[in-house]
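Numbered from 1 within each chain, the chains take letters A, B, ... in sequence-line order. Just so it is clear, the model here is predicted, and its values are computed rather than measured.
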2 protein chains.
Amino acid sequence: MDVKGASTNKKQLQSKQTKRKVAEAARALFVNKGYGATSIEDIAEATGSSKGNIYYHFKSKEGLFLYLIDEWDHEWEVKWQQNESQYKTVTDKLYGFARQIVLDDLHHPLSKAANEFFNYNEKPSDIEERIIEMMQGHLKFNQDLIQQGIDNGEFKSDNVECHAAILESMVIGLSQMSRQLKLENALMLYQQAIKVFLYGISN
Amino acid sequence: MDVKGASTNKKQLQSKQTKRKVAEAARALFVNKGYGATSIEDIAEATGSSKGNIYYHFKSKEGLFLYLIDEWDHEWEVKWQQNESQYKTVTDKLYGFARQIVLDDLHHPLSKAANEFFNYNEKPSDIEERIIEMMQGHLKFNQDLIQQGIDNGEFKSDNVECHAAILESMVIGLSQMSRQLKLENALMLYQQAIKVFLYGISN
DNA sequence: TTTTATACTGAACGTTCGTTCAGGATTATA
DNA sequence: TATAATCCTGAACGAACGTTCAGTATAAAA
């Protein structure tokens, strides 16, 4: 009787809300403690609901994490598209790119937990697949950015693919290095790194 | 009755040998499966001895890992000092530095397991401390190298400390990025990265 | 109102894993 | 040879954790 997504159904509404609550609690815990160190019980406690209830809303712990990763990815993209238009040059875009990474990903989101999975070998899981996907997305993103800069005549690069990988490496490494840094120092470090990168590839 | 370290004591010899065997088996397992995914039982099986025996030779799982980290560190330093003399310029040293990292650390040693610990938050352990120590050692190493290059007039740097951190970030990121790469491709990527870095800081 | 689907609980299960310990075997010491 | 120290075994412990499930309450549907 209702239009899609606009049901007045009281039960469904409650359900959505608790699912949200679980997702947000899990997110906060994964951020602070990492994936492995966060137990389902922790999440249940934080939400005030039961372990079983979490398994009602999510298939498994991995499934919950995957759900959060997807959310995160989507939020990042939206934010980037909002920011991108304000940058005139590709050079500015690169600095803005670094800036958004620091502001969005440094302390808040799932970067630590994602990193944890990155160095995971146990049983192959859906997450492995998802991380490889993310990685390739990042490389593509970097390549496009560098190619734009070349086409614009802002800088040179004799090896776009390689330089995209180097940029990605820098970003990964920086996120690990700067975890214990204060935000302003992290920002400076990232900006400096982009500067080094930009001067470095144009030779 | 014996001079230190040269005892003919049959029992002590056996003990040293089994300790060695355990260390090497553990090392291989930590490398392949990571720290968390390697159980004491795995190590016991691989050595053909018992779980209890491992706890006779090592205080704990962490203690065993710490022991390996120290070994690794020491081996690296020895090898570096062997290599260092063959490089005339600091620039060459940097390329050689990258080369040794790839050849020694890419697939073989405990880099994966160390990385795993890097993104660990559970209970604070001795390993945390040791990793911070290692990190500071690396930064110092990088700083010295860059300073040497400046003093030699090979390149410039307006911010040695910052650039040392960026170099370290690059190395950390590269080791993660290139885990699934073939050795020759990894070598190329590292060399390119050093090139970018060198051109980048001199501006 | 009766029936059915949905949201949720909490105890229990099964497994894994690090660690301990009583005791046995082997070698050094007296 | 007798005693003591050292090396090693293997079973058992205990805690943690992801997952399941029988059952309950509540709201929707009939």
Chemist: So, B:S50 versus B:N53: side-chain donor-acceptor pair below 3.5 Å or not?
Modeler: no
Chemist: Taking only residues two or more places apart in sequence or in another chain, which ones pass salt bridge (charged side-chain N to carboxylate O under 4.0 Å, His left out) with B:K195?
Modeler: none
Chemist: Among pairs that include at least one residue of residues 176-202 of chain A, which meet ring-ring contact (aromatic ring centres under 6.0 Å, His included), considering only residues two or more places apart or in two chains?
Modeler: none
Chemist: Mind calculating the distance between NZ (B:K61) and P (C:dT19) to the nearest angstrom?
Modeler: 8 Å
Chemist: What's the closest nucleotide to the B:K11 side chain, out of C:dG18, D:dC7, D:dT19?
Modeler: D:dC7
Chemist: If the cut-off is 4.0 Å, is A:T18 near the phosphate of C:dC8, judged by side-chain N/O to OP1 or OP2?
Modeler: yes
Chemist: Starting at NZ of B:K33 and ending at P of C:dT16, how long is that distance when rounded to a whole Å?
Modeler: 12 Å
Chemist: By salt bridge (charged side-chain N to carboxylate O under 4.0 Å, His left out), which residues pair with A:R99, not counting sequence neighbours?
Modeler: none
Chemist: Residues two or more places apart in sequence or in another chain: which of them pass ring-ring contact (aromatic ring centres under 6.0 Å, His included) with A:Y95?
Modeler: none
Chemist: What integer distance in Å separates A:K19:NZ from C:dT6:P?
Modeler: 15 Å
Chemist: Between D:dG18, C:dT27, C:dA7, spot the one nearest the side chain of A:Q12, thanks.
Modeler: C:dA7
Chemist: Taking atom types as modelled, find out whether B:N83 and B:Q100 have a side-chain donor-acceptor pair closer than 3.5 angstrom.
Modeler: yes
Chemist: Measure from CG on A:L13 to C1' on D:dA28 and round the result to the nearest Å.
Modeler: 15 Å
Chemist: Figure out the CG/P separation between B:L64 and C:dC17, and round it to whole Å.
Modeler: 16 Å
Chemist: Round to the nearest Å and state the distance from B:I40 atom CD1 to D:dA12 atom C1'.
Modeler: 17 Å
Chemist: I need the residues from residues 43-60 of chain B with at least one non-hydrogen atom less than 4.0 Å from DNA chain D; give them sorted by number, or say none.
Modeler: B:S49, B:S50, B:K51, B:G52, B:N53, B:Y56, B:H57
Chemist: Quick check for you: among C:dA28, C:dG18, C:dA5, whose closest atom lies nearest to any side-chain atom of B:N9?
Modeler: C:dA28
Chemist: Can you figure out which of D:dC8, C:dA28, C:dC8 approaches the side chain of B:K10 most closely?
Modeler: C:dA28
Chemist: With sequence neighbours excluded, give me every salt bridge (Lys or Arg N to Asp or Glu O under 4.0 Å) pair touching residues 50-60 of chain A.
Modeler: A:E41-A:K51
